[in-house]
Amino acid sequence: MRNRLLSLLAAAGVVVAGGAVAAAPASAAPATPSAPASHAAPAACAPTQVVANGGFESGTSPWTGTTGAITSGGGQSAHTGTRFAWLDGYGSTHTESLAQTVTIPSGCSSASLTFWLHIDTAETTRTTAYDKLTAKIGSTTVATYSNLDAASGYVQRTVDVSAYIGQSVSLGFTGTEDSGLQTSFVLDDVALTTSGDSTTPPPADDPTRTPAAPAYTVSLTSDATGGTWNGHESVNFTNASATPLTEVYLRLWDNYHGSCPSTPITVTNVTGGTASALTVNCTALKVTLPAALAQGQSGTVGFDLKIVVPSGADRFGKDGSFSFIGNALPVLAIRDAAGWHLDPYTNNGEAFYSLAADFSVTLDHPTSISVPATGTSVDTPGTSGRTVTKATATKVRDFAWAAGPFSKVSGTSPAGVKINVYAVSGISTANSNSMLTVSENAVDAHAGRFGAYPYGELDAVLDNNFWFGGMEYPGFVLDLVDTTALTHEIGHQWWYGIVGDDEYNSPWLDESFADYSTDLALGKTGASCWNSVSWASSAEKITNSMAYWDAHSSRYGTVVYNYGKCALHDLRRLIGDSAMTTLLHDYAQAHWYGVSTTAEFKAAAQAATTVDLTSFWTQHRIDG
């Protein structure tokens with residue numbers, strides 16, 4: 001997962017800095033606002049953006065605060081247009097601020113504050129937040145960033161401010177700088193957008209996850225480079241819930257990487273329902289069905305699709321002549337007892353939550369480029385100079401592929417899993433072969449503990465320019481040339497791919513488990529690793545959501561990866577090796593192609609031992 005190497009490669013002495021310039025994530029810490037003003041029954045939601053002059057192009061009005069903070073030069077640049085807000089950057093004790101009053105209308109179920117933030121700093125520490133930027137609603141701090149979040153370009157931040165719907169509040173940013181080295185907090189394109197119709201209550205008494213059994217059929221044709229794709233996608237689904245299904249939501253996750261409404265994923269000509277405007281920073285598309293589907297009834301939604309891969313060695317990005325196309329296919333959101341899961345994209349980890357589905361994907365591309373992909377692929381000749389690759393995958397939660405003139409080595413694990421390793425130019429054949437051996441060993445080691453690998457073949461795509469380390473998709477992983485990282489990513493085939501989870505609200509269920517599995521596969525016992533745990537605050541817990549970690553990004557890898565796997569090592573020592581081995585194997589089997597929750601894992605662990613685990617969960621800060 002994202003920023004995985006912050007913890008995963010620490011033992012190897014590798015330092016990875018995250019600096020992708022992308023749009024829409026980093027939901028910040030859950031706010032604890034004053035009680036919202038009561039208001040009458042809400043009207044239907046009309047999505048609204050309430051910040052005035054959020055791009056600062058109209059000068060200062062209606063912003064108030066530090067004179068000169070809104071500017072157009074001085075060595076910084078705007079995200080869009082020519083003006084931006086620049087707080088601090090003096091290298092001496094300093095405080096600067098900007099604020100305006102906004103009214104967040106009633107009638108909507110969600111409200112998101114977004115802004116593009118560039119942080120550059122002369123601080124060299126990797127551990128101490130000397131200089132800070134806070135975002136506030138009224139007197140409540142809803143997000144905090146610091147010199148530890150410095151990056152080479154703008155990153156869009158997202159904060160859930162739904163608690164303030166129906167109120168007039170002050171929206172403010174304050175930068176504070178200590179007496180030492182400078183940190184500049186550069187803001188642009190501030191917006192506060194409402195969405196979601198609160199007149200349709202979630203099925204609070206119906207925990208069924210729906211729409212179920214999705215089946216995606218996709219046909220796409222690429223340009224000469226594999227960086228632009230055009231075609232059609234359709235998805236068939238069934239309402240598994242006793243609550244009628246009146247709409248579905250498509251998640252266009254990679255629109256995070258654009259500037260809404262100018263987005264890299266374009267959906268047009270929707271059939272099978274009526275499309276609404278994009279919401280959640282252009283990553284969610286509501287499609288109202290022509291008639292409500294009762295339990296057991298099915299529907300199909302189709303649409304034309306265009307994908308334009310942006311520059312950058314990212315899970316969705318282009319590194320020279322090589323394109324990496326993860327999360328680009330629109331997929332169905334889930335509705336359960338909490339309602340529709342429309343969480344924002346996060347660039348720090350993952351926000352993905354989807355049910356196991358079938359994919360049939362046809363990719364028409366130049367013969368000169370390869371397209372490693374999720375599932376099992378078969379190539380046939382296309383028109384002159386082109387090849388048609390058909391990839392078929394069953395019971396997978398997503399579909400990803402890459403495109404480019406990769407080199408390729410292949411092999412088969414001792415247990416019979418076909419492995420393909422694709423590498424960008426600059427990675428030697430020796431390194432590719434080494435990673436092939438790592439992949440063969442890892443897939444068999446994990447399968448021996450949790451159950452046979454079900455996806456036929458596994459593609460590993462290598463690029464040492466990935467800023468994030470590695471990224472998992474079913475049957476397809478992106479990674480550096482690194483034994484530990486690749487073993488971890490392959491571990492995700494079980495913990496996320498086969499045993500699913502809500503990655504936004506429970507990231508530990510895949511990251512901690514994949515890291516623990518990596519230790520086991522590499523013969524590491526985690527001896528005494530819990531002894532090094534030091535909590536940053538009383539609010540910090542292994543089981544916190546990405547909303548929390550996006551507001552405390554410097555602690556995400558330490559707690560979710562390191563502390564999480566150490567907690568599992570501690571659990572093994574407490575209940576015994578044999579009981580832990582049986583617990584994880586049986587838990588994986590019981591949730592095969594399903595969804596894991598923290599409560600279910602805690603119950604399974606307690607059932608596996610006569611030891612009362614109540615104090616264990618408290619000590620290790622595992623809530624749920």
Side-chain angles (χ1 to χ4, degrees), residues 2-22 25-26 28-29 69 71 73-77 79 84-97 115-135 141 143-157 173-188 312-314 346-349 464-470 480 482 484-485 532-537 540 549-563:
R2 293 302 218 176
N3 288 347
R4 167 166 299 135
L5 298 193
L6 291 173
S7 58
L8 195 64
L9 300 185
V14 179
V15 177
V16 178
V21 180
T71 184
Q76 298 290 347
S77 58
H79 173 250
F84 51 90
W86 184 352
L87 304 182
D88 296 335
Y90 294 89
S92 59
T93 303
H94 210 81
T95 298
E96 294 190 326
S97 63
F115 51 92
W116 288 84
L117 175 62
H118 168 53
I119 303 175
D120 71 42
T121 186
E123 302 283 3
T124 58
T125 178
R126 296 183 182 274
T127 58
T128 304
Y130 290 113
D131 311 313
K132 297 181 180 180
L133 175 77
T134 59
T141 298
T144 302
Y145 308 93
S146 73
N147 49 280
L148 299 178
D149 299 303
S152 58
Y154 278 94
V155 176
Q156 192 179 36
R157 306 292 185 175
F173 299 91
T174 301
T176 57
E177 196 173 15
D178 72 356
S179 60
L181 302 170
Q182 77 87 25
T183 301
S184 296
F185 300 101
V186 188
L187 289 158
D188 204 356
D314 210 331
T346 172
N347 203 41
N348 196 32
N464 282 330
N465 290 330
F466 289 140
W467 67 267
F468 51 87
L480 312 174
D482 186 276
T484 304
S532 63
V533 167
S534 177
W535 301 104
S537 73
E540 190 171 81
W549 298 120
D550 280 336
H552 303 82
S553 58
S554 64
R555 294 288 294 170
Y556 171 62
T558 298
V559 177
V560 174
Y561 291 79
N562 288 348
Y563 295 1

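Quick note: residue numbers are just sequence positions, from 1.
Scanning for ring-ring contact (aromatic ring centres under 6.0 Å, His included) contacts around Y563 gives W535, with sequence neighbours left out.
Between atom OG1 of residue T95 and atom NZ of residue K132 there is a gap of 12.5 Å, rounded to the nearest 0.5 Å. Expressed to the nearest 0.5 Å, how far CD of Q156 lies from NE2 of H79 amounts to 7.5 Å. For the atom pair OH (Y154) and CG (L117), the distance works out to 8.5 Å, reported to the nearest 0.5 Å.
In terms of heavy-atom proximity, N465 sits nearest to A313 at O-CB, 3.6 Å. G89 and S184 make their closest contact through CA-OG, 3.3 Å (heavy atoms, listed as atom of the first residue, atom of the second, distance). Closest of all the heavy-atom pairs between Y145 and R157 is OH-CB, 3.5 Å. Between S97 and T174 the shortest heavy-atom distance is CB-OG1, 3.6 Å. Annotation for D314 and F466: closest pair O-CE2, 4.1 Å, computed over non-hydrogen atoms.
Looking only at distances, no side-chain donor or acceptor of Q182 sits under 3.5 Å from a matching main-chain atom of D88. Checked by atom type and distance alone, the side chain of T346 pairs as donor or acceptor with a backbone atom of N348 at under 3.5 Å. In this structure, the side chain of E177 engages the main chain of Y90 through a donor-acceptor pair within 3.5 Å.
L133 places a side-chain heavy atom less than 4.5 Å from the side chain of L87. Inter-residue side-chain proximity for Q76 and D120 is flagged as met; some heavy-atom pair is nearer than 4.5 Å. Two residues are said to be in side-chain contact when any heavy atoms from C-beta on lie closer than 4.5 Å; F468 and N347 fail this criterion. Residues D178 and E123 are in side-chain contact: their nearest non-hydrogen atoms beyond the backbone lie under 4.5 Å apart. L187 is not listed as a side-chain neighbour of W116, based on a closest heavy-atom distance of 4.5 Å or more. For the pair E540 and R555, the minimum side-chain heavy-atom distance is below 4.5 Å.
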Please evaluate residues N147 and T125 with respect to the criterion side-chain hydrogen bond (donor to acceptor under 3.5 Å, both in side chains), reporting the C-alpha separation (whole Å), side-chain torsions for both, the decisive distance (0.1 Å), and the verdict. CA-CA 9 Å; N147 49 280; T125 178; 5.7 Å; no
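In this pair, W549 and Y556 present their aromatic rings tilted. The plane angle is within the 30 to 60° band.
In this structure, F115 has its ring center closer than 6.0 angstrom to the ring center of F173.
Evaluated for a side chain to side chain donor-acceptor pair (under 3.5 Å) with D131, the options T183, T121, T176 yield exactly one hit, T183.
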